[in-house]
Each structure stands twice: as C-alpha cells, then as structure tokens.
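Before any comments, here is the structure.
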Amino acid sequence: MPPPPIRKISLDAPPTVVHVPPVPLAGNGNGNGHAGPAGGVHTPGPPPSDAPVLERMRCDAVTIAYGSKVAVNRVDLPISQGEVLAMIGPSGCGKTTLLRSLNRLTELTATASRGGRILLDGQDIDQLEVTTLRKRVSMVFQQPNPFPMSVFDNVAYGLREGGSKRPRKKELLEPVENALTRAGLWHEVKDNLDHPALRLSGGQQQRLCIARSLAAQPEVLLMDEPCSALDPISTAKIEELILELREQIAVVIVTHNLQQAQRVADKVAFMYLGELVEYAPGEQLFNAPQAQRTRDYVGGAFG
C-alpha cells in the first residue's frame with residue numbers, strides 16, 4: 001500500500017480568513033434571546049408558575065463546619081413552594097452541604113457541626129424527630145438508588161415502614177399509583193409493577209426514586225444533581241417533572257449544569273467558598289448579575 005500523500009502548507013501566502021456568520025440568539029428564533037454578562041447567550045428561564053408562592057423553609061445565619069473547616073458560612077435563604085430554587089457554584093463551595101443540612105443529613109458525618117437556624121413552616125427542624133423531618137423534607141440523590149425489590153415495593157416501602165401497622169397491598173395501590181403518576185412513570189410501569197426495579201433504565205430508576213420520595217407526601221423535595229448520570233432524553237423528562245412538582249411542593253436542586261439551572265430555576269443561589277454570594281430570580285442572575293464573582297462564574301471565567 002503506498003504511503004499517504006504529504007500535505008504542504010505554504011508559509012509565503014497570506015492566511016485565508018473564513019467568515020463565520022453570527023450565531024443567532026437563543027429564544028424564539030426571532031433574535032429575542034438574552035446576552036449574558038460575558039457576552040454569551042442565555043436562554044430564557046422556565047415558564048412562570050400559576051401556583052402561589054408560599055415559604056416552606058428558611059435558613060437563618062446557617063453555618064456548617066467539618067471539624068475546624070467551615071463549609072457554609074452564615075447563609076440566609078428562603079425556600080418556597082410554587083418555585084424551584086437552584087443552588088449553583090463550583091465544586092467544594094458548600095452547596096451540597098447546605099442542601100443536606102435541610103433534612104439533617106449532615107448529622108451523619110461525625111465531625112459536622114451546625115450553627116444558625118433552619119425553619120420548616122416556622123418550626124426549628126432541630127425540634128422535629130428526624131424521621132418525621134425526612135418524610136416532610138425528602139432527598140433524591142445524584143445516583144439513582146432503587147431498592148433491590150419490585151417497582152411497587154420500592155414506592156410502598158416508606159408507606160409500610162412509616163405506618164403504625166403494616167398496610168395490606170390492596171390498601172397501598174392508590175397511593176403507589178398516585179406517587180408514580182406524579183413522578184411521570186405510571187404509564188411506563190403500570191403493567192409491570194412486580195418488575196424488579198433494578199432492571200429499569202437509569203432515567204426510570206431516578207423517577208422511581210422520586211416517586212418513592214413523593215409517596216410520603218413531602219412538603220420539600222431536595223435534589224442533589226439528579227440528572228448528572230442520565231442521558232439527555234431522561235434529563236428532559238426529569239426537568240419537565242421538576243417544573244410540574246413546583247406547583248405542589250418546594251423544590252431545591254443542586255446542579256453544576258448552568259443550562260439546566262436556567263431551564264428549571266425560578267430562583268438561583270450562587271455559592272462560592274461557603275458563602276452565599278448572590279440570590280436572585282434566575283433570569284436576573286444569569287443575565288444581569290449584581291456581584292462580580294457571579295458575573296465571572298456564569299460568564300465561564302472559572303468553575
């Protein structure tokens with residue numbers, strides 16, 4: 001086989017300049033997008049919710065440390081039903097630590113300590129029994145974690161364990177169906193409720209975990225990068241679900257994906273080095289941030 005031809009580049013002739021047409025602004029296709037703080041283009045935020053905004057939780061000067069290392073420093077933050085709150089920021093900025101403190105999961109780390117107050121419907125969460133708190137403020141984790149049991153039993157698990165007496169399967173059919181419907185999964189699994197949950201696709205497993213959380217009728221749903229392990233189609237379904245759920249409960253999502261935060265967040269909290277740098281409506285924070293650190297982050301100067 002002959003060797004491939006040798007390409008020669010002339011250094012004597014001037015370089016050829018290729019004209020690149022301007023990229024159209026994101027938006028409705030008519031140039032109605034939004035230029036970002038660093039000249040980038042940002043898509044509009046999520047469609048407005050018709051549900052009334054009702055504050056469900058509040059962080060009041062919350063400080064969290066692991067030993068002598070402060071991870072979250074005096075954060076004040078409201079969390080409301082009727083809107084999605086996205087917490088953004090680079091790795092190690094404290095956003096996941098703050099999220100986990102909302103239902104006292106940080107207590108599982110022996111060196112963790114917390115100052116300030118976290119209120120749920122006006123009551124200090126430290127005054128609530130922790131199991132009760134975690135039913136009212138439920139968590140969906142980064143990796144789908146269905147139990148090694150059937151689809152039905154995954155959703156029914158919390159209902160069975162939380163009751164004073166163990167309900168029969170027939171009594172659980174309606175709440176299980178309701179939770180799977182709210183999670184957008186019912187029509188995909190209704191004919192296979194005895195199917196092993198671990199055989200579902202990754203996106204279905206994550207929606208099953210959301211259904212398991214919703215079965216307990218929480219007031220707040222915490223989501224720690226729920227789409228990071230999912231494909232684009234599954235991610236779109238989860239994002240659509242998040243926008244539907246905000247009508248009924250408060251939703252807090254931690255995400256490294258700024259485009260995702262733009263798509264789903266009504267309010268955005270930008271954290272950096274444990275501090276809450278800026279809290280604002282998503283459209284404002286991404287398109288006209290007030291703090292220089294926020295402008296640098298959403299403009300891509302660091303991350």
Side-chain angles (χ1 to χ4, degrees), residues 26-27 33-49 53-65 69-102 106 114-119 220-228 239 242-243 246 250-303:
H34 299 278
V41 175
H42 294 289
T43 57
S49 169
V53 175
L54 173 66
E55 183 174 297
R56 303 311 301 259
M57 298 193 79
R58 174 168 287 275
C59 297
D60 183 9
V62 171
T63 297
I64 304 166
K69 180 177 173 57
V70 175
V72 174
N73 188 24
R74 296 189 63 80
V75 168
D76 297 311
L77 191 64
I79 297 166
S80 299
Q81 179 178 323
E83 61 187 25
V84 177
L85 169 63
M87 293 198 286
I88 64 171
S91 297
C93 70
K95 56 188 184 296
T96 295
T97 294
L98 181 60
L99 184 80
R100 290 170 62 87
S101 72
L102 297 176
T106 49
R114 197 195 81 223
R117 295 193 309 161
I118 300 176
L119 305 178
V220 182
L221 184 64
L222 312 176
M223 310 183 85
D224 187 9
E225 297 199 57
C227 303
S228 64
E239 290 178 358
I242 288 171
L243 293 177
R246 68 177 171 170
V251 180
V252 187
I253 177 173
V254 162
T255 179
H256 277 101
N257 187 325
L258 297 186
Q259 288 73 32
Q260 181 174 73
Q262 291 172 336
R263 290 191 295 266
V264 304
D266 300 284
K267 297 288 176 61
V268 179
F270 168 56
M271 295 188 66
Y272 184 63
L273 297 179
E275 295 184 349
L276 177 61
V277 176
E278 190 164 348
Y279 166 78
E283 193 95 4
Q284 175 184 321
L285 188 137
F286 285 114
N287 299 314
Q290 302 301 301
Q292 182 61 47
R293 281 183 294 182
T294 313
R295 287 195 289 271
D296 291 342
Y297 182 71
V298 301
F302 69 95

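All residue numbers refer to positions in the sequence shown, counting from 1. These figures come from a predicted structure and were not determined experimentally.
For the pair Val72 and Thr63, the minimum side-chain heavy-atom distance is 4.5 Å or more. Between Phe270 and Pro90 there is a side-chain heavy-atom pair separated by less than 4.5 Å. Taking 4.5 Å as the limit, every side-chain heavy atom of Ile79 sits out of range of all side-chain heavy atoms of Arg56. Using a 4.5 Å heavy-atom threshold, the side chains of Ile253 and Leu221 count as separate. In this structure, the side chains of Thr294 and Leu285 come closer than 4.5 Å at one or more pairs of heavy atoms. At a threshold of 4.5 Å between non-hydrogen side-chain atoms, the residues Val268 and Tyr279 do not count as touching. Using a 4.5 Å heavy-atom threshold, the side chains of Ser80 and Leu54 count as separate. Looking only at side-chain heavy atoms (C-beta outward), His256 and Ser91 come within less than 4.5 Å of each other.
Contacts of Asp60 classified as salt bridge (charged side-chain N to carboxylate O under 4.0 Å, His left out), with partners at least two apart in sequence or in another chain: Arg117. Residues passing the side-chain contact (heavy atoms from CB on, under 4.5 Å) test with Leu273, sequence neighbours excluded: none.
Smallest separation of non-hydrogen atoms from Asp76 and Ala61: OD1-N, 2.5 Å. Taking all atoms of both residues into account, the shortest heavy-atom contact from Met271 to Met87 is SD-SD, 4.4 Å. Between Leu85 and Pro78 the shortest heavy-atom distance is CD2-O, 4.0 Å. When all heavy atoms are compared, the tightest approach of Leu98 to Ile64 is CA-CD1, 4.2 Å. Residues Gly82 and Asp266 share a closest heavy-atom pair of O-OD2, 4.5 Å. Nearest heavy-atom pair across Ala261 and Thr255 is CB-CG2, 3.9 Å.
With hydrogens and angles ignored, the 3.5 Å screen pairs a side-chain donor or acceptor of Glu283 with a backbone N or O of Gly45. A donor-acceptor pair is defined here as one N or O able to donate and one able to accept, closer than 3.5 Å; no such pair exists between the side chain of Arg58 and the backbone of Leu119.
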(message) Could you walk me through whether Met223 and Ile242 satisfy the side chain to side chain contact (heavy atoms under 4.5 Å, CB included) test, starting with their C-alpha distance in whole Å, then the side-chain angles of each, then the deciding distance to 0.1 Å, before giving a yes or no?
(response) CA-CA 10 Å; Met223 310 183 85; Ile242 288 171; 3.8 Å; yes

(request) Check the pair Leu102, Met57 against side chain to side chain contact (heavy atoms under 4.5 Å, CB included), reporting the backbone distance first and the verdict last. (result) CA-CA 9 Å; Leu102 297 176; Met57 298 193 79; 4.2 Å; yes

(request) Go through the steps to decide whether Arg114 and Val62 satisfy the test side chain to side chain contact (heavy atoms under 4.5 Å, CB included), and finish with yes or no. (result) CA-CA 7 Å; Arg114 197 195 81 223; Val62 171; 4.3 Å; yes

(request) Would you check, one step at a time, whether the test side chain to side chain contact (heavy atoms under 4.5 Å, CB included) holds for Glu275 with Arg293? (result) CA-CA 11 Å; Glu275 295 184 349; Arg293 281 183 294 182; 4.0 Å; yes

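Between the side chains of Glu278 and Gln290, no donor N or O sits under 3.5 Å from an acceptor N or O. Looking only at atom types and distance, the side chain of Arg263 has no donor-acceptor partner in the side chain of Gln260 under 3.5 Å away.
Between Tyr297 and Tyr272, the ring centre distance reaches or exceeds 6.0 Å.
Tested against Ser101, the residues Thr106, Val75, Leu222 include a single side-chain contact (heavy atoms from CB on, under 4.5 Å) partner, Thr106.
Look at Arg246 and Glu83 and you find no salt bridge, because none of the NZ, NE, NH1 or NH2 atoms lies under 4.0 Å from a carboxylate O.
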